[in-house]
Amino acid sequence: MGVKLKDIVNEQPIDLKDLSGKVVCIDALNTLYQFIARIRQPDGSPLRDHKGRMTSHLSGLFYRTINLLEEKIKPVYVFDGKPPMLKEKEIVRRKEIRKGAEEKWKEALRRGDLEEARKYAQAAGQITDKMIEQTKKLLNFMGIPYIVALEEGEAQAAYIVRKGDAWAAASQDFDSLVFGSPILIRNLTISGKRKLPGRKEYIQVKPSVIHLSDVLRENQITRRELVLVAVLIGTDFNKGIKGVGPKTAIKLIKKYEGDIFEIYKAKNTNPPENLEEIIDLFMDPKVKKEYQMKWKQPKEEEIVSFLCDEHDFSYKRVKKASKRLIETYNSLFAVTGLEKWL
DNA sequence: CAGGGTCA
DNA sequence: TGACCCTGG
């Protein structure tokens, strides 16, 4: 679920045009989750191919990536590596939540309650290693670079942005800010419209941007204190204090002058066992310092054979989108032959 | 979520 | 054009 910082960050709407020309480091897993949650039939069933393999994520990734490129945004996907040991508990917890949601989905279907069914289907979605492999395969065919993190993808993205190789990290989660990314983009979508679950209403969803420096300045905290805020409210690596959200966490940190042990003492709870380790994990995460970011010529034949032959996508749609992809690639990245004269 | 058709 | 609705796999 990530660190819930929403109440203390100032999220500014941004136009896709403002991202033109910029490299954006996209949290791959987070994006895939959005796709498998949203790209579904009214009864909650995802898109599948003839072998029953889920394809919602491929559809979302394919079309969105092309749209981003057409906006001259240069996407780099970042995948998680090996999860840190500290995350084990959280991984088990999430698995159980999904199992429960799957039961409720089936139950709602039996009752014929489509709205409920869809809601639980979204929560039941899980991403398998096979799906990750398919995603990487598609990215390769599309010529879109991806980086596999040593551990957390969000940490790797933060590092890449900090180094100046990308302008921002993109994710719905706030963790990359805690990992020190100077800029976070949320809602990096094209359509801008989202149906409200259940109701027949639509809300406008615009991409937005959060600057870490603003978060720190507006709340008068240091980055280390932001990490402490995260720990107090709960992260993927520890449980938060009950009833403490980001605002309270900041107040507590001010009141006790950053002495986190005093805060736990005052709240009559024990600090997490691996407190120092968790703080270090955010302040100085393990990341790959060497990585490649190169956009390559898309391979149309491979794309078509992969999406259409293997996964039953429509030839007409895929070919049309591939054409757009190749044209965009040519205008954005292709070597023109001119530069050797410069 | 995104593509694509329809209709004013 | 843009609001609306259905389908995609």
Side-chain angles (χ1 to χ4, degrees), chain A residues 13-17 19 24 26-71 73 75 77 105 114-115 117-128 130-135 137-139 141-142 144 170-173 185-208 298 300 302-328:
Chain A
I14 189 170
D15 273 346
L16 285 176
K17 284 187 184 59
L19 300 176
V24 175
I26 302 177
D27 178 351
L29 203 67
N30 184 268
T31 305
L32 295 184
Y33 268 116
Q34 308 291 118
F35 289 142
I36 65 162
R38 306 292 319 183
I39 306 183
R40 282 172 187 267
Q41 305 291 77
D43 71 349
S45 61
L47 304 184
R48 296 183 185 280
D49 63 18
H50 64 281
K51 287 188 176 164
R53 294 171 295 195
M54 216 193 271
T55 53
S56 296
H57 57 302
L58 297 177
S59 175
L61 183 91
F62 181 58
Y63 295 113
R64 178 183 292 175
T65 303
I66 293 170
N67 282 325
L68 292 177
L69 281 166
E70 277 191 329
E71 296 288 339
I73 298 166
Y77 286 88
W105 173 21
L114 290 188
E115 252 173 53
R118 198 171 202 286
K119 198 176 89 189
Y120 287 118
Q122 288 189 13
Q126 53 185 322
I127 291 169
T128 62
K130 285 247 164 72
M131 289 162 76
I132 304 263
E133 285 319 305
Q134 290 175 337
T135 303
K137 208 166 163 184
L138 179 59
L139 287 173
F141 293 151
M142 294 175 76
I144 306 297
S171 178
Q172 294 308 99
D173 289 347
I185 299 171
R186 299 185 73 233
N187 303 322
L188 186 60
T189 59
I190 310 302
S191 76
K193 262 187 179 175
R194 182 174 300 167
K195 192 175 174 297
L196 245 40
R199 305 266 170 317
K200 246 187 145 187
E201 286 173 68
Y202 287 85
I203 47 163
Q204 195 68 22
V205 181
K206 271 200 77 173
S208 58
E300 186 179 5
E302 263 102 325
I303 292 172
V304 170
S305 128
F306 177 69
L307 288 180
C308 305
D309 296 341
E310 269 191 66
H311 294 294
D312 302 330
F313 280 56
S314 134
Y315 286 93
K316 191 178 154 207
R317 282 189 181 200
V318 169
K319 279 184 180 163
K320 186 175 167 189
S322 298
K323 291 273 180 300
R324 286 166 55 209
L325 172 62
I326 288 162
E327 262 174 45
T328 311

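On a predicted model such as this, the values are computed, not experimentally measured, just so you know. Protein chains get the first letters and strands the later ones, always in sequence-line order, with residue 1 at the start of each.
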OP1 or OP2 of B:dG4 under 4.0 Å from side-chain N/O of A:Lys320: yes
N or O in side chain of A:Arg324 less than 4.0 angstrom from B:dG3 OP1/OP2: yes
Sidechain-backbone polar pair: A:Arg48 side chain, A:Arg53 backbone, donor-acceptor under 3.5 Å: no
Nearest-angstrom distance from the residue atom OH of A:Tyr63 to P of B:dA2: 12 Å
Under 4.0 angstrom between A:Asn187 side-chain N/O and B:dC1 OP1 or OP2: no
Touch class at under 4.0 angstrom, heavy-atom based, for A:Ser314 against every strand present: sugar-phosphate
Presence of A:Arg64 side-chain N/O under 4.0 Å of B:dC1 phosphate oxygens OP1/OP2: no
Between A:Thr65 and A:Tyr77, a side-chain donor and acceptor under 3.5 Å: yes
Distance in angstrom units between A:Phe313 CZ and B:dC1 P, rounded: 17 Å
Touch class at under 4.0 angstrom, heavy-atom based, for A:Pro46 against every strand present: base
Gap between atoms CG and C1', on A:Asn67 and B:dG4 respectively (whole Å): 13 Å
Value in whole Å for how far the P atom of B:dG3 lies from CG of A:Leu325: 13 Å
Proximity to the side chain of A:Leu47 - top-ranked nucleotide from B:dC1, B:dG3, C:dG8: C:dG8
Interatomic distance, A:Ile26 CD1 vs B:dC1 P [rounded to whole Å]: 15 Å
